Trainee: 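Would you mind keeping the following structure in view while I ask a few things?
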Amino acid sequence: MAILITGGAGYIGSHTCIELLEAGYEVVVVDNLSNSSHISLNRVAEITNKNFTFYKMDLMDRGGLELVFSRHSIDAVIHFAGLKAVGESVQLPLSYYYTNITSTLILCEVMNKYNVHKLVFSSSATVYGRPELSPIAEDSPLGATNPYGRTKLMLEQILQDLAASSEQWGISILRYFNPIGAHKSGKIGENPNGIPNNLMPYISQVAVGKLEKVNVFGSDYETVDGTGVRDYIHVVDLAKGHLRALEKVMGKSGVDIYNLGTGQGYSVLEMIAGFERVAGRSIPYQIAARRPGDIAVCFADTQKANAELNWTAERGIEEMCEDSWRWQSSNPNGYEENSSSVREIAAASWE
Ligand code: NAD
Ligand code: UFG
């Protein structure tokens, strides 16, 4: 079975490619590398020892996308591609609305033209806005607080309208909580551009000596130690969730929405302490002001995914920190050109 992975060179996409290849799927990746490196795909090939096809292409390139669908007998699409930085989306709302919405519309139109109607879509816990209570179930009230989040909300709505228009469509919307960690090999992981916005890459870069100390945004929340609590999920568990969602969507029509998290919350200070334990070094931090827009607590009710997808996150905080550290310490500068493996991807590269 052939699966098109949009954004497959990115953090979550590259880990999902590994799981798909190891499960015997044929994989076709489309990515414009705007927030990633082709080296992640070289590493996917090296880890799996399997071939797959990569097109360096923007999803907005309708003609190029049609060529991909005409060349490969695609059975389903996992759609990761998009812009994802909350702060940047406030600065560049048009870019976020244009890229995230238009690319998804073009993708769905081309899928329809080539009679492909099975889609797994990356959404986010950000669609719960400012939740009153955790754990958060899928039927909790929705509402985003920034343009990035609103693109996810709008796309969820668009996909529901699409599925309502024809029974051919089978769509799985996955709301991720906070993905962290990396593949066990230490060869692929999260590789943010510039100074990281998110906690785990920031902690890792402090640990490796690239940044001086972690700024802990707020210590006066109503939580176990006053710092923000989140549901961190290992990226490999998340990737495996996509395989379960794919299996499910192949056999049914309509839209299903699932939270992918662990159901457990950890505070910022607990994450720093966990990282210190596995890295065997201290992580300097200072308490800073609250970050505007942050909420105190956010963790998932995962019962629906557990029951309907037969999926449960298995990796705990220790393993998440260990794997993040292995990736960061063996690749202190991320995917450097000269650190690439010699093996090239079996690429039908598209320019
Ligand atoms: P990422 O930036 O690492 O991966 C996204 C990939 O899409 C990148 O490789 C980028 O080059 C590519 N891309 C972007 N725009 C494109 C376009 N127009 N055409 C072709 N390729 C394009 O991000 P990620 O962390 O792997 O996230 C994947 C998806 O999951 C995104 O949709 C994101 O919004 C969503 N998500 C991520 C998180 C998180 O914390 N990482 C949380 C919730 C949801
Ligand atoms: N934090 C710090 N210092 C930092 C970075 C973060 O103290 O340098 C704190 C935050 O205040 C928060 C926690 O660490 O309490 C986690 O923050 P992240 O930025 O790592 O993650 P968020 O929960 O804020 O948001 C992330 C993504 C969103 C996504 C959301 C849910 O950035 O896009 O997870 O999936 F919507």
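This is a predicted model, so every value here is computed, not measured. As the structure lists them, so they are numbered: ligands from 1, and atoms in each ligand from 1. The figures that follow rest on heavy atoms only: side chains count, while hydrogens, waters and symmetry mates do not. Sequence positions, counted from 1, serve as the residue numbers for this chain.
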Trainee: Kindly indicate whether the side chain of Y148, heavy atoms from C-beta on, has any atom under 4.5 Å from the side chain of Y97.
Mentor: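 A side-chain contact under 4.5 Å is absent here.
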
Trainee: Check this for me - ligand 1, G10, N or O atoms closer than 3.5 angstrom, yes or no?
Mentor: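 Yes, there is a polar N/O contact under 3.5 Å.
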
Trainee: Contact between ligand 1 and S14 is defined here as a heavy atom of the residue under 4.0 Å from a ligand atom; is it met?
Mentor: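 The answer is no, since S14 has no heavy atom less than 4.0 Å from ligand 1.
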
Trainee: Side chains of R43 and N331: is there a donor and an acceptor less than 3.5 Å apart?
Mentor: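 There is such a pair (donor and acceptor under 3.5 Å, judged by atom type) between the side chains of R43 and N331.
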
Trainee: Out of curiosity, is R175 lining ligand 1, as in a heavy atom under 4.0 Å away?
Mentor: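 So R175 does not count as touching ligand 1.
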
Trainee: Give, for atom OH of Y258 and atom OH of Y176, the distance between the pair rounded to the nearest 0.5 Å.
Mentor: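 Going from OH on Y258 over to OH on Y176, the span is 14.5 Å.
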
Trainee: Do you know which two heavy atoms are closest between A23 and L243, and how far apart they sit?
Mentor: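 In terms of heavy atoms, the two residues are closest at CB-CD2, 3.7 Å.
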
Trainee: What do we get for S123 next to ligand 1 when only non-hydrogen atoms under 4.0 Å count, side chain, backbone, both or neither?
Mentor: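 Within the 4.0 Å criterion, S123 contacts ligand 1 through backbone atoms alone.
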
Trainee: Is there a continuous path of hydrophobic side-chain contacts, each under 4.5 Å between heavy atoms, that joins I78 to W311?
Mentor: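 The answer is yes; both residues are in one hydrophobic cluster.
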
Trainee: Specify the closest pair of heavy atoms between L153 and A144, including all atoms of both residues, with the distance to one decimal.
Mentor: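 Where L153 meets A144 most closely, the heavy atoms are CD1-N, 3.5 Å.
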
Trainee: Do the side chains of I12 and Y25 join up, straight or via other hydrophobic residues, at under 4.5 Å, putting them in one cluster?
Mentor: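 Linked within one cluster.
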
Trainee: What are the atoms of ligand 2, with element, lying closer than 4.0 Å to any heavy atom of T126?
Mentor: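 Checking each atom against T126, I get 36 (F).
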
Trainee: Answer yes or no for Y221: is there a heavy-atom contact with ligand 2 below 4.0 Å?
Mentor: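 Contact absent.
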
Trainee: Distance only, no hydrogens: is a donor on one side chain within 3.5 Å (strictly under) of an acceptor on the other, for D231 and N178?
Mentor: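 No.
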
Trainee: Any heavy atom of Y266 closer to ligand 2 than 4.0 angstrom?
Mentor: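 No; Y266 lies far enough from ligand 2 that no heavy-atom distance drops under 4.0 Å.
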
Trainee: Closest by any non-hydrogen atom to atom 13 (N) of ligand 1: pick that one out of L41, N32, L107, V86.
Mentor: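 Going through L41, N32, L107, V86 one by one, N32 has the nearest heavy atom to atom 13 (N) of ligand 1.
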
Trainee: Should we count CD of E167 as having more than 12 external heavy atoms under 6.0 Å?
Mentor: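 Open: at most 12 neighbouring heavy atoms sit under 6.0 Å from CD of E167.
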
Trainee: Check each of G82, P192, S36 against atom 5 (C) of ligand 1 and report the one with the nearest heavy atom.
Mentor: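 Shortest heavy-atom distance from atom 5 (C) of ligand 1: G82.
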
Trainee: Tell me the protein heavy atom at minimum distance from atom 18 (N) of ligand 1, and give that distance in Å.
Mentor: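 The protein heavy atom lying closest is D58 OD1, 3.2 Å.
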
Trainee: Considering only protein heavy atoms, which is closest to atom 19 (N) of ligand 1, and at what distance to one decimal place?
Mentor: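 For atom 19 (N) of ligand 1, the nearest protein heavy atom comes out as L59 N, 2.9 Å.
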
Trainee: Counting heavy atoms only, name the option from Y98, F80, Y11, Y55 that's nearest to atom 32 (O) of ligand 1.
Mentor: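 When every heavy atom of Y98, F80, Y11, Y55 is considered, F80 comes closest to atom 32 (O) of ligand 1.
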
Trainee: Using only heavy-atom distances, determine whether the side chains of H183 and D323 contain a donor-acceptor pair under 3.5 Å.
Mentor: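 H183 vs D323: no donor-acceptor pair found between side chains.
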
Trainee: Who's the nearest protein heavy-atom neighbour of atom 27 (O) of ligand 1, and how far?
Mentor: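 So the nearest neighbour among protein heavy atoms is I12 CD1, 3.7 Å.
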
Trainee: Nearest protein heavy atom to atom 11 (O) of ligand 1, by residue and atom, and its distance?
Mentor: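 Looking only at protein heavy atoms, the one closest to atom 11 (O) of ligand 1 is D31 OD1, 2.7 Å.
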
Trainee: Note the single closest protein heavy atom to atom 40 (O) of ligand 1, along with its residue, its atom name and the distance in Å.
Mentor: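 Result: P179 CD, 3.4 Å.
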
Trainee: Identify the protein heavy atom lying closest to atom 24 (P) of ligand 1, giving its residue, its atom name and the separation to 0.1 Å.
Mentor: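 The protein heavy atom lying closest is K84 NZ, 3.8 Å.
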
Trainee: Would L162 end up clustered with L105 when hydrophobic side chains under 4.5 Å apart are linked, directly or stepwise?
Mentor: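 L162 clusters together with L105.
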
Trainee: Transitively linked via ILVMFWY side-chain contacts under 4.5 Å: L4 with W169?
Mentor: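 Both belong to a single hydrophobic cluster.
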
Trainee: Does any part of the side chain of Y55, heavy atoms only, come nearer than 4.5 Å to the side chain of V29, both counted from C-beta?
Mentor: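 The answer is no, as the side chains (C-beta and beyond) never meet within the 4.5 Å cut-off.
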
Trainee: Hey, which atoms in ligand 1 end up nearer than 4.0 Å to a heavy atom of S34?
Mentor: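 The atoms of ligand 1 under 4.0 Å from a heavy atom of S34 are 10 (C), 11 (O), 13 (N), 14 (C), 15 (N).
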
Trainee: Could you find the nearest protein heavy atom to atom 2 (O) of ligand 1 and give me its residue, atom name and distance?
Mentor: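 Result for atom 2 (O) of ligand 1: N35 ND2, 2.7 Å.
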
Trainee: Decide whether an N or O pair under 3.5 Å exists between N198 and ligand 2.
Mentor: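 Yes - when backbone and side-chain N and O of N198 are compared with those of ligand 2, one distance drops under 3.5 Å.
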
Trainee: Give yes if a backbone or side-chain nitrogen or oxygen of A9 is under 3.5 Å from a nitrogen or oxygen of ligand 1, and no if not.
Mentor: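 Min N/O separation from ligand 1 is not below 3.5 Å for A9.
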
Trainee: Among side-chain atoms of Y96 and E88, is any donor-acceptor pair under 3.5 angstrom?
Mentor: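 Present: a donor and an acceptor within the cut-off.
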
Trainee: With atoms numbered from 1 as shown, which atoms in ligand 1 lie under 4.0 angstrom from a non-hydrogen atom of A81?
Mentor: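 Listed by number with element: 7 (O), 13 (N), 21 (N), 22 (C).
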
Trainee: What are the two closest heavy atoms between T145 and R130, and how far apart are they?
Mentor: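 In this case the closest contact between T145 and R130 is CG2-CG, 3.8 Å.
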
Trainee: Mind checking whether L199 has an N or O less than 3.5 Å away from an N or O of ligand 2?
Mentor: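 Yes, at least one N or O pair falls under 3.5 Å.
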
Trainee: May I ask you to list the atoms of ligand 2 that are less than 4.0 angstrom from any heavy atom of N197?
Mentor: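 Answer, ordered by atom number: 5 (C), 19 (O).
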
Trainee: Within the 4.0 Å heavy-atom shell around S122, which atoms of ligand 1 are there?
Mentor: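 Within the 4.0 Å cut-off of S122, ligand 1 contributes 29 (C), 30 (O), 32 (O), 35 (C).
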
Trainee: With respect to atom 10 (C) of ligand 2, which of V206, V216, N178, D294 exhibits the smallest heavy-atom separation?
Mentor: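 Closest candidate by heavy-atom distance is D294.
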
Trainee: So, do F80 and H242 have ring centers that fall under 6.0 Å from each other?
Mentor: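 Yes, the ring centres sit under 6.0 Å apart.
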
Trainee: What atoms of ligand 2 come closer than 4.0 angstrom to any heavy atom of Y148?
Mentor: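 In order of number, 33 (O).
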
Trainee: What part of V268, side chain, backbone, both or neither, has a heavy atom within less than 4.0 angstrom of ligand 2?
Mentor: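 The answer is the side chain of V268.
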
Trainee: Going by heavy atoms in the side chains, are I257 and Q160 under 4.5 Å from each other?
Mentor: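 Of all side-chain heavy-atom pairs linking Q160 with I257, at least one is under 4.5 Å.
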
Trainee: Answer with yes or no whether the side chains of E22 and T48 bring together a donor and an acceptor at under 3.5 Å.
Mentor: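 Judged by distance alone, the side chains do not pair up.
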
Trainee: Out of Y176, Y148, F121, who is nearest to atom 34 (O) of ligand 1 when you count heavy atoms only?
Mentor: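 Selected option, by shortest heavy-atom distance: Y148.
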
Trainee: Looking only at protein heavy atoms, identify the closest one to atom 29 (C) of ligand 2 and say how far it is in Å.
Mentor: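 For atom 29 (C) of ligand 2, the nearest protein heavy atom is S124 OG, 3.4 Å.
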
Trainee: So is S124 polar-close to ligand 1, meaning N/O to N/O under 3.5 Å?
Mentor: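 By distance alone, the answer is no.
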
Trainee: Would you check whether K152 reaches within less than 4.0 Å of ligand 1, judged by its heavy atoms?
Mentor: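 In this structure, K152 qualifies as a contact of ligand 1 - some heavy atom is under 4.0 Å.
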
Trainee: Would you mind reporting whether E26 and M1 have side-chain heavy atoms less than 4.5 Å apart?
Mentor: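 Sidechains of E26 and M1: no contact.
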
Trainee: Among F177, F217, Y128, which residue places a heavy atom closest to atom 7 (O) of ligand 2?
Mentor: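 Nearest option to atom 7 (O) of ligand 2, by heavy atoms: F217.
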
Trainee: Which of the atoms of ligand 2 are close to N215, meaning less than 4.0 Å from one of its heavy atoms?
Mentor: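 Those atoms are 2 (C), 3 (N), 4 (C), 7 (O), 8 (O).
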
Trainee: Under 4.0 Å from any heavy atom of V86, which atoms of ligand 2 are there?
Mentor: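 It comes down to these atoms of ligand 2: 33 (O).
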
Trainee: Could you tell me whether R244 and E308 have a side-chain N and a carboxylate O separated by less than 4.0 Å?
Mentor: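 Judged by the 4.0 Å cut-off on N to carboxylate O distance, R244 and E308 do not form a salt bridge.
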
Trainee: For L33, counting its heavy atoms only, list the atoms of ligand 1 lying under 4.0 Å from any of them.
Mentor: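 Those qualifying, in numeric order: 11 (O).
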
